[in-house]
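So the structure is just underneath, and the comments pick up after that.
Residue numbering restarts at 1 for every chain, and letters A, B, ... go by the order of the sequence lines.
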There are 2 protein chains.
Amino acid sequence: MDVQRLELLRELAERGSVTAVALATHRTPSAVSQQLKVLEREAGLPLTERSGRGLVLTDAGRALAASATDIAVALERATAVWDTFRNTATGDVSLVTFPTAGQMLLPGVLQDLASHEGLTVHCTDMDPDLSDFPALTSDYDIVLAHSMRGQLTWGGRGLTSVPLMTEPLDVGLPADHRLAGRVSLGAGDVVGETWIGVPVDYAFERVLHDIELQTGSRARITQRFADIRLIESFIMAGLGIALVPRYTSSGNQPGRMVLKPLRGLDSERQIVALMRPDRAERLAVRTVVDALRARAAQVQAEHAAAAG
Amino acid sequence: MDVQRLELLRELAERGSVTAVALATHRTPSAVSQQLKVLEREAGLPLTERSGRGLVLTDAGRALAASATDIAVALERATAVWDTFRNTATGDVSLVTFPTAGQMLLPGVLQDLASHEGLTVHCTDMDPDLSDFPALTSDYDIVLAHSMRGQLTWGGRGLTSVPLMTEPLDVGLPADHRLAGRVSLGAGDVVGETWIGVPVDYAFERVLHDIELQTGSRARITQRFADIRLIESFIMAGLGIALVPRYTSSGNQPGRMVLKPLRGLDSERQIVALMRPDRAERLAVRTVVDALRARAAQVQAEHAAAAG
DNA sequence: ACATCCATGAAGCCAGCCTACATAGTCACT
DNA sequence: AGTGACTATGTAGGCTGGCTTCATGGATGT
């Protein structure tokens, strides 16, 4: 009963094809195929079966892959033990973020982690919503993901999820807008405005939907952008209003743009760190996550202080 | 980070010497030493240190050995998964028992397990109290142990313990004894008798101690035997009375011996199956333990019916 | 001081896992 | 229907890594 082989089976469960597993583990497909065959012979029952030109796991295969995860967790916990004894979080940690969260958190996090000799964090950004967050955990140690409240798409898949912060979505207005003097806005105040939206199927869309549901009117959306800077430039040009994540935006720009909270709506997003459970056990990974949490708390505190 | 090596470290933690580990794992001491050295180099910190001509684990070594157990548990759980899918508990299970429990349970258990093709149970007996029950778990899958209530010497050591039954300790009397007509006996009734005891430091001794404590008198013990049959033969010969485990003894022998419960005393022993946690996960082992539990319950039920 | 018991080092053997290459089945597109 | 791309999987051979054997050195006890 070999751990390496079980690991291969788990990779197969996640990635779905022998070739993908081979790519990910720096081996040839032949090697993977051979090892799986050995495992199957040891098990004494079929773990995979062909389906078209690929192959899929049997029930037994899936069950075994699941317990392989437990083994991986125990293993990583063991290495975390000696990392703790050396008191050094070392190694490489890969992280993928969506742009806004990265801009808000990562510079500070990397500065905070600079003191950790031997700990290298590799960061990449990837468009949100276009990418399947859970799937990314196969290729990155940490995936910064966001979700609107209530839609807990992950966690069910056996992934570890650490909440970092909840960020309110405000309404961004030009500074000379007729509503710019208000403290907060309700759905009725804003539904008639010209909106700058996000691409269809982006998560923010739901808040606009809620506004429409609450008022019974349709919002007029003329532009759709993914990039927050682009949206803000349109707001400041007086071309419309938009939902803007409070901490991520450039904030109130005196004379150009103001942010107003939405009331009576569930208008905030959860930002979480998403990980495969075994990866989450690594001391280096936990160290980075802790830094993320600290930084997120700091950002929230700063904004609370500024508002109060 | 290799599982095999961690396993070796765990064996070292249990057995205390490289040579012992080598013996147990069918390797040469040199091989063990080399592997431990590799592990140490990987860990980047000392896991063992010399002490006299042997060596002992450092704190880090012990911690790592402990997490090695978690890995072993996860691993055995994985093999249990596929055993479950094959629906066959196969392989060899080794068991060591003290004589009385073995006589009471094992014949029935082995009969019950005869239907399991490919499951072989190797049984051995060993003198109780003389042997250190927890230590035996290194060499046997299942250790049948007994303890008096309140003395939970094991469990603390990270061992898995499954209770099988609690067996009352009765007083065995010759059939023509003056107390033979009584339903039950108190400490005062029996303390003045001539006793046949067990070797000093046997667990039963505690009940006699309690009797002495309760009455303030000393019991007169003239013979000390470990073997229950021998004790019974002395009772029937009218040479004294003794504590007799109710289910294990030959029971009431019309015209020769009667058993009377002790009241007002905590006079019973716990019979448990003691296992290393990883071994306990094996389906074959669990199957045997289940059979033991069933048999034990049956024995208790039969006696309850006979008494009622 | 000697015998003994321990851990460990060096040299060499061998199994197991990998790569490279070749084969066979499945699918999509013409 | 045929061709090409893509899938998994066999076969042959090389290389790494863990084992054994033999030898060394320190610690203990008589």
Side-chain angles (χ1 to χ4, degrees), chain A residues 1-58 60-62 64-65 68 71-72 75 79 135 138, chain B residues 1-58 60-62 64-65 68 71-72 75 79 135 138:
Chain A
M1 158 68 102
D2 183 73
V3 177
Q4 304 261 17
R5 286 193 259 267
L6 281 176
E7 200 62 24
L8 250 43
L9 186 70
R10 187 167 67 112
E11 289 287 346
L12 183 63
E14 282 190 7
R15 301 183 187 270
S17 87
V18 172
T19 316
V21 173
L23 249 341
T25 59
H26 309 291
R27 272 184 273 240
T28 55
S30 179
V32 175
S33 180
Q34 288 174 49
Q35 293 307 311
L36 289 175
K37 178 146 288 268
V38 173
L39 186 67
E40 200 160 274
R41 195 158 44 77
E42 281 179 350
L45 48 82
L47 302 174
T48 61
E49 56 189 11
R50 308 206 55 141
S51 154
R53 51 184 162 184
L55 48 72
V56 294
L57 295 183
T58 62
R62 261 187 302 277
L64 210 53
I71 296 172
L75 249 166
T79 77
S138 293
Chain B
M1 159 67 103
D2 185 71
V3 177
Q4 305 259 19
R5 286 192 259 268
L6 280 176
E7 200 62 25
L8 250 42
L9 185 70
R10 187 166 68 111
E11 289 286 348
L12 182 63
E14 282 190 7
R15 302 184 187 269
S17 88
V18 171
T19 315
V21 174
L23 249 340
T25 59
H26 309 291
R27 270 185 274 242
T28 56
S30 179
V32 175
S33 179
Q34 289 173 49
Q35 292 308 309
L36 289 176
K37 178 148 287 272
V38 173
L39 186 66
E40 201 160 271
R41 198 159 44 75
E42 281 180 349
L45 48 83
L47 301 175
T48 62
E49 55 189 13
R50 308 207 57 141
S51 154
R53 50 186 163 187
L55 47 71
V56 295
L57 294 183
T58 62
R62 263 187 301 277
L64 210 53
I71 296 173
L75 248 167
T79 77
S138 294

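A:Arg10 contributes no side-chain N or O that, together with a main-chain N or O of A:Ala72, makes up a donor-acceptor pair within less than 3.5 Å. A donor-acceptor distance shorter than 3.5 angstrom exists from the side chain of B:Thr25 to the backbone of B:Val21, with no hydrogens or angles considered.
Across all their heavy atoms, B:Ser138 and B:Arg15 have their closest contact at O-NH2, 3.0 Å. Among all heavy-atom pairs drawn from B:Leu57 and B:Arg62, the shortest one is O-NH1, 3.1 Å. Nearest heavy atoms, B:Leu6 versus B:Leu64: CD2-CG, 3.8 Å. In terms of heavy-atom proximity, B:Asp2 sits nearest to B:Arg5 at OD2-N, 3.3 Å.
Rounding to the nearest 0.5 Å gives a distance of 9.0 Å between CZ of B:Arg27 and CD of B:Glu11. Between A:Glu14 atom CD and A:Leu9 atom CG the span is 11.0 Å, to the nearest 0.5 Å. One finds the CD1 atom of A:Ile71 at 5.5 Å from the CE atom of A:Met1 (value rounded to the nearest 0.5 Å).
Of all the residues in residues 28-39 of chain B, B:Pro29, B:Ser30, B:Ser33, B:Gln34, B:Lys37 reach under 4.0 Å from DNA chain C with at least one non-hydrogen atom. Within residues 3-27 of chain B, the residues that place at least one heavy atom under 4.0 Å from DNA chain C are, in residue-number order, B:Ser17, B:Val18, B:Thr19.
Checked against salt bridge (Lys or Arg N to Asp or Glu O under 4.0 Å), B:Glu40 has no partners two or more places apart in sequence or in another chain.
Note: CG (B:Leu47) to C1' (C:dT8) measures 16 Å, nearest angstrom. Distance CZ (B:Arg41) to C1' (C:dT8): 15 Å, rounded to an integer number of Å. One can place CD of A:Glu49 at 12 Å from P of D:dT9, the figure rounded to the nearest angstrom.
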Extract all donor-acceptor atom pairs below 3.5 Å that involve side chains of residues 42-54 of chain B and protein atoms in other chains or at least two apart in sequence.
none

Between protein and nucleotides 25-30 of chain C, what N or O pairs are separated by less than 3.5 Å?
none

Could you run down the sub-3.5 Å N/O contacts of the protein with nucleotides 14-16 of chain D?
none

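The shortest side-chain heavy-atom distance between A:Leu8 and A:Leu12 does not fall under the 4.5 Å cut-off.
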- Message: One pair to check against side chain to side chain contact (heavy atoms under 4.5 Å, CB included): B:Leu36 and B:Val32. What are the steps and the verdict?
- Response: CA-CA 6 Å; B:Leu36 289 176; B:Val32 175; 4.0 Å; yes
